Amino acid sequence: MKDAYGREINYLRLSITDLCNLRCRYCMPEEGIPKRAHRDILTLEEIDEIVSAYVKLGINKVRITGGEPLARKGIVSLIEKISRHSEIKDFALTTNGTYLKTMAKDLRAAGLHRVNISIDTLDEKKYAAMTRGGKLKDVLLGIEKAKEAGLGPIKLNAVLIGGFNDDEIEKFVSLTEQEPIDVRFIELMPIGEVANWSLKNFLPNEYVLEKVPSLRKLKNADPSSPATLYQLPRAKGKIGLISPISCKFCSACNRVRITSEGKLKHCLHSNEEFDLKKVLREGGDLTEFLKYVILKKPQQHQIEAGDFIARNMVQVGG
Ligand code: SAM
Ligand code: SF4
C-alpha cells in the first residue's frame, strides 16, 4: 500500500529480541540490557499474525533482526511460519553470524532466503575486543556454512570506525574479488552507546573511496536501498556504502519497523511509535491500525531535529 507521499510500503523489518550473545562496544552496554518479562515481548504467534496482516497490505520483503535474532528460542519455527507466505519475495535475516555454524542449514530448510552477517574486523584480537569476547573464527565458519546452505547472496556488514578498522578497508574490499559476496560499510551512528565517542571514531564513507580509488560506482538497481553501490574492476561481489545520517534516502523509503516489544516505528529516526501489542491483545482491528500508521509515515526523518531521542540499535535492529 502507498503512504501519504505516494511511497509504496513493501518492506517490514522485525526485531525479535533485544538480547544478544555479544556486547559490541558501539551497540550494547557491557552488562547487556535487562531481559524483558516474557509477556512484554511479542510471542512468535503474534509476530506471525502481524506479518500475515502486512502481507495482505502489500509487504513482500521481510528482514528479521535484533538484538541477535538467532538467540531467540523458536526462531526456526518462526521462519517456517513466515516463509509460507509466497507473496514474500525477499526474506532475509541480519545476524552476527556466531550461531550460523550450527543453524545455517535449518534456517535455509525453514525457508529463509539469505543472511547479512555483521563483521567489523578480520583480526581475531580486535574482534574479541570490539565484541567484548566474541570469537572471529565462529563468524568465519558461520559465513562458510551460510554459503554451503545456499543462504546467499551473502552480504557482510562492517561499521566503519576511525582508529579501529580504517586500516582494514582494502582487506574487506578484496573479499569481493573472487566470490559473489557483497561488503557494506556502514557509517557509525552517534546513538546510544556511541553518543559520547570521540569525533575521530566517525568517518564518512567517502573515506573508503579515498582508500580504494579503483572502486567504480554502479547504477543502484533498487532506489529504496540505503546503499550506494561500487565495484572493483572484474570483481564478483559489490561494495555498498551506507550513510544513514549524512545521506537522505527518505524519498524512496519503503519500510516500517517493529521492535520486539511490539512497537511499530514508521521511521527509524522518528520518536513516534505505535503500540501493536496493545492492539493485538485488546482485540483491536490490526489491519486498520497498520494502514493508519502507514498513512502517518513522515515525509523525511527528523534526526537533525533537536528533540529526536534515538533508541539503541539493539532495540530497533538497525
Ligand atoms: N545482532 C545482529 C548483527 O549484529 O548483525 C543484528 C542486530 S545489529 C543491531 C544490526 C546492525 O546494526 C549491525 O550490522 C550493527 O553493526 C549495526 N549497528 C549497531 N549499532 C550501530 C551504530 N551505532 N552505528 C551503526 N551501525 C550500528
Ligand atoms: Fe549484538 Fe549485533 Fe549489537 Fe553486536 S551489533 S551487540 S552482535 S546486536
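For this chain, numbers begin at 1 and follow the sequence in order. Atoms considered below: every heavy atom in the structure, side chains included; atoms not considered: hydrogens, waters and symmetry mates. As the structure lists them, so they are numbered: ligands from 1, and atoms in each ligand from 1. The structure displayed is predicted, hence computed values, not measured ones.
For residues 76-89, every residue pair satisfying the salt bridge (charged side-chain N to carboxylate O under 4.0 Å, His left out) rule, not counting sequence neighbours, is listed here: Asp48-Arg84.
Considering backbone and side-chain atoms alike, Thr65 places every N or O at 3.5 Å or more from each N or O of ligand 1. Looking at Ile191 next to ligand 1, no N or O pair under 3.5 Å apart turns up. By the 3.5 Å distance cut-off applied to N or O atoms, Asp120 is not counted among the residues near ligand 1. Taking distance alone, with nitrogen or oxygen atoms compared against 3.5 Å, Tyr26 approaches ligand 1 more closely than that limit. Inclusion of Gly67 in the set of residues having an N or O under 3.5 Å from an N or O of ligand 1 is warranted.
Contact detail for Tyr230 and Leu241: the closest heavy-atom pair is CE1-CD1, 3.5 Å.
If you look at Val159 next to ligand 1, the close heavy atoms, those under 4.0 Å, all belong to the side chain.
Partners of Glu177 by salt bridge (charged side-chain N to carboxylate O under 4.0 Å, His left out), not counting sequence neighbours: none found.
Atom 4 (Fe) of ligand 2 has an N, O or S atom of Cys24 inside 2.8 Å of it.
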Check: Can Asn157 and Arg184 be said to form a side-chain contact (heavy atoms from CB on, under 4.5 Å), step by step?
Finding: CA-CA 5 Å; Asn157 288 348; Arg184 293 142 43 103; 3.1 Å; yes
Margin query: side-chain contact (heavy atoms from CB on, under 4.5 Å), that's the test. Do Asp138 and Tyr99 meet it? Break it down for me.
Written below: CA-CA 8 Å; Asp138 289 345; Tyr99 293 116; over 6 Å; no
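When each atom of ligand 1 is checked for a heavy atom of Ser118 under 4.0 Å away, the hits are 3 (C), 4 (O), 5 (O), 13 (C), 14 (O). Annotation for ligand 1: atoms under 4.0 Å from non-hydrogen atoms of Thr95 are 2 (C), 3 (C), 5 (O). Within ligand 1, counting atoms from 1 as listed, the ones closer than 4.0 Å to a heavy atom of Glu187 are 25 (C). Heavy-atom contacts of Val194 reach the following atoms of ligand 1: 23 (N) (cutoff under 4.0 Å). For ligand 1, the atoms closer than 4.0 angstrom to any heavy atom of Asn157 are 14 (O). Heavy-atom contacts of Met28 reach the following atoms of ligand 2: 6 (S) (cutoff under 4.0 Å). Heavy-atom proximity to Gly66, at under 4.0 Å, picks out these atoms of ligand 1: 7 (C), 9 (C). Residue Glu68 has at least one heavy-atom neighbour below 4.0 Å for each of these atoms of ligand 1: 1 (N), 2 (C).
When Gly67, Gly134, Pro69, Ser15 are ranked by how near their heavy atoms come to atom 8 (S) of ligand 2, first place goes to Gly67.
Between Ile119 and Leu136 the shortest side-chain heavy-atom distance falls below 4.5 Å. Annotation: side chain of Val51 is in contact with side chain of His85 (closest heavy-atom distance under 4.5 Å). Two residues are said to be in side-chain contact when any heavy atoms from C-beta on lie closer than 4.5 Å; Leu188 and Trp197 meet this criterion.
If you check the side chains of Asn21 and Asn96, you find a donor sitting under 3.5 Å from an acceptor. No side-chain N or O of Thr17 forms a donor-acceptor pair with one of Glu68 less than 3.5 Å apart.
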